**Q** 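Right, I'll just put the structure down here and ask away after.
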Amino acid sequence: MSGSDGCISFDEAVKILTGELNYPEERALHFVKRFDHNKDGKLSATEFSQFRNKIEETKVQLVPKFKEYDVDGNGYITLDEASAILQIDPFNFPPDKVLMLLKKFDRDGNGKLDIEEFAGFYAEAKATNDEIASRFEELDVDGNGVLSPDEVMSVLKDLLGFDEDMAKYLIDMFDTNKDGNLDKSEFVHLWSGMFGQ
């Protein structure tokens with residue numbers, strides 16, 4: 001604590017945040033102000049402790065993933081960087097799903113995610129992936145890692161009320177490798193197309 005009153009200035013807290021998390025400077029002050037609970041324009045020892053704990057928690061949980069996505073190291077995740085990861089295993093999200101997630105969590109509308117925005121973005125991507133993977137495993141009755149037309153047909157007919165011809169058409173449309181089955185990647189595209197998840 002640098003102040004004679006045991007407090008730390010916003011400028012000092014911003015320097016810590018940008019130095020330790022590569023947090024974009026233009027967003028750092030906004031983040032720091034969230035810890036100024038008594039609104040006195042500085043962080044008391046208690047407020048600074050909470051701020052410090054949040055930095056450590058972020059480092060442990062998010063920084064490794066953020067750095068994995070932030071290929072150019074500029075402190076932001078761009079659409080291209082997010083797409084490069086979310087369109088391959090384990091996610092296999094279609095491009096429009098990646099764009100939808102990016103827009104949803106890009107609170108300042110600059111077309112990229114800082115680490116704070118990334119926290120929500122990554123949590124949503126992971127939850128969506130977990131939900132789709134769970135649905136895929138539930139439908140993959142024989143456990144062979146692909147969904148046969150019969151396995152997919154049940155969900156399309158029973159859950160969505162499609163007739164057999166429409167169900168076959170949808171399976172054929174999303175079976176990009178034309179092997180007669182849907183692998184997880186193809187199923188993600190089908191599921192996202194049907195339910196927008």
Side-chain angles (χ1 to χ4, degrees), residues 1-134 188 191-192 195-197:
M1 306 296 281
S2 61
S4 58
D5 58 358
C7 293
I8 186 169
S9 72
F10 284 170
D11 285 344
E12 291 170 302
V14 164
K15 285 179 185 165
I16 291 168
L17 188 59
T18 56
E20 292 193 25
L21 292 180
N22 196 24
Y23 208 87
E25 220 168 303
E26 62 272 16
R27 300 269 319 193
L29 182 59
H30 173 73
F31 181 83
V32 169
K33 284 181 178 179
R34 290 184 11 209
F35 293 89
D36 182 20
H37 302 296
N38 64 2
K39 308 293 183 220
D40 65 355
K42 54 192 172 189
L43 299 182
S44 67
T46 302
E47 291 167 338
F48 181 70
S49 176
Q50 293 169 347
F51 169 74
R52 187 45 110 177
N53 289 342
K54 185 66 174 177
I55 288 177
E56 293 307 313
E57 178 185 315
T58 302
K59 279 182 182 176
V60 169
Q61 295 176 354
L62 284 178
V63 169
K65 280 291 168 197
F66 187 82
K67 286 182 177 177
E68 179 184 332
Y69 282 68
D70 183 19
V71 177
D72 61 10
N74 68 353
Y76 290 103
I77 306 297
T78 64
L79 176 59
D80 289 342
E81 289 169 329
S83 294
I85 300 217
L86 291 183
Q87 290 181 356
I88 59 172
D89 280 335
F91 296 105
N92 298 303
F93 289 165
D96 57 332
K97 176 67 177 173
V98 177
L99 182 60
M100 187 273 303
L101 278 173
L102 189 69
K103 284 182 176 179
K104 179 178 178 180
F105 290 98
D106 179 19
R107 289 190 292 264
D108 58 10
N110 65 356
K112 50 193 174 184
L113 303 175
D114 60 36
I115 195 161
E116 185 180 359
E117 294 166 328
F118 178 75
F121 170 83
Y122 188 73
E124 177 89 6
K126 190 162 176 9
T128 300
N129 182 62
D130 291 348
E131 180 182 331
I132 292 172
S134 172
V188 167
W191 196 258
S192 295
F195 300 105
Q197 295 180 340

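Since we're looking at a predicted model, the values are computed, not measured. Position 1 is the first residue of the sequence; numbering continues from there.
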**Q** When you check the gap from the basic side-chain N to the acidic O, do Lys65 and Glu68 get nearer than 4.0 Å?
**A** yes
**Q** Suppose we screen for side-chain hydrogen bond (donor to acceptor under 3.5 Å, both in side chains). Which residues come up paired with Asn129, at least two apart in sequence or across chains?
**A** Lys184
**Q** Any pair with a residue in residues 41-54 that passes salt bridge (Lys or Arg N to Asp or Glu O under 4.0 Å), sequence neighbours left out, goes on the list, sorted by first then second residue, please.
**A** Asp5-Lys42, Glu20-Arg52, Arg52-Glu56, Lys54-Glu57
**Q** If we ignore hydrogens and angles and just use 3.5 Å, is the side chain of Glu81 paired with the main-chain N or O of Lys112 as donor and acceptor?
**A** no
**Q** So which heavy atom on Leu43 is nearest to which on Phe48, and how close?
**A** CB-N, 4.1 Å
**Q** Can a donor-acceptor pair be found, under 3.5 Å and without considering hydrogens, that links the side chain of Asp96 to the backbone of Met100?
**A** no
**Q** Locate the shortest heavy-atom distance separating Ala119 from Leu62; write the atom from each residue and the value.
**A** CB-CD1, 3.2 Å
**Q** Sequence neighbours left out, what passes side-chain contact (heavy atoms from CB on, under 4.5 Å) with Ala125? Give chain and number order.
**A** Leu86, Phe91, Phe93, Leu101
**Q** Could you report the tightest heavy-atom contact between Ala13 and Val32, atom names first, then the distance?
**A** CB-CG1, 3.6 Å
**Q** Any side-chain heavy atom of Leu17 within less than 4.5 Å of one from Leu29?
**A** no
**Q** With sequence neighbours excluded, what pairs up with Asp106 under the side-chain hydrogen bond (donor to acceptor under 3.5 Å, both in side chains) test?
**A** none
**Q** Which residues satisfy the salt bridge (Lys or Arg N to Asp or Glu O under 4.0 Å) test with Lys104, sequence neighbours excluded?
**A** Glu124
**Q** Does the pair Phe31 and Phe51 meet the rule for a side-chain contact (heavy atoms from CB on, under 4.5 Å), with working shown?
**A** CA-CA 9 Å; Phe31 181 83; Phe51 169 74; 4.0 Å; yes
**Q** Nearest 0.5 angstrom please: His30 NE2 to Asp114 CG, how far?
**A** 9.0 Å
**Q** Before you tell me yes or no, could you show the steps for Asp70 and Phe118 under side-chain contact (heavy atoms from CB on, under 4.5 Å), namely the whole-Å CA-CA distance, both residues' side-chain angles and the distance that decides it to 0.1 Å?
**A** CA-CA 10 Å; Asp70 183 19; Phe118 178 75; over 6 Å; no
**Q** Tell me every residue that passes salt bridge (Lys or Arg N to Asp or Glu O under 4.0 Å) with Asp80, counting only those two or more places apart in sequence or in another chain.
**A** none
**Q** For Ile88, check side-chain contact (heavy atoms from CB on, under 4.5 Å) against everything at least two apart and list the hits.
**A** none
**Q** Could you go step by step and tell me if Ile16 and Ile8 meet the side-chain contact (heavy atoms from CB on, under 4.5 Å) rule?
**A** CA-CA 11 Å; Ile16 291 168; Ile8 186 169; 3.8 Å; yes
**Q** Who are the side-chain contact (heavy atoms from CB on, under 4.5 Å) partners of Ser49, not counting sequence neighbours?
**A** Asn53
**Q** Does Gln50 have any side-chain hydrogen bond (donor to acceptor under 3.5 Å, both in side chains) partners at least two apart in sequence or in another chain, and if so, which?
**A** His37
**Q** Taking only residues two or more places apart in sequence, or in another chain, which ones meet Glu117 in a side-chain hydrogen bond (donor to acceptor under 3.5 Å, both in side chains)?
**A** none
**Q** Consider side-chain contact (heavy atoms from CB on, under 4.5 Å). Of Phe66, Phe121, Tyr76, Tyr69, which one does Leu113 pass it with?
**A** Phe121
**Q** Ignoring hydrogens, what is the shortest heavy-atom contact between Ala28 and Thr18? Give both atom names and the distance.
**A** CB-CG2, 3.9 Å
**Q** Locate the shortest heavy-atom distance separating Val188 from Pro94; write the atom from each residue and the value.
**A** CG1-CD, 3.9 Å
**Q** Please report the shortest heavy-atom distance between Cys7 and Ser44, naming the atom on each side.
**A** SG-CA, 3.8 Å
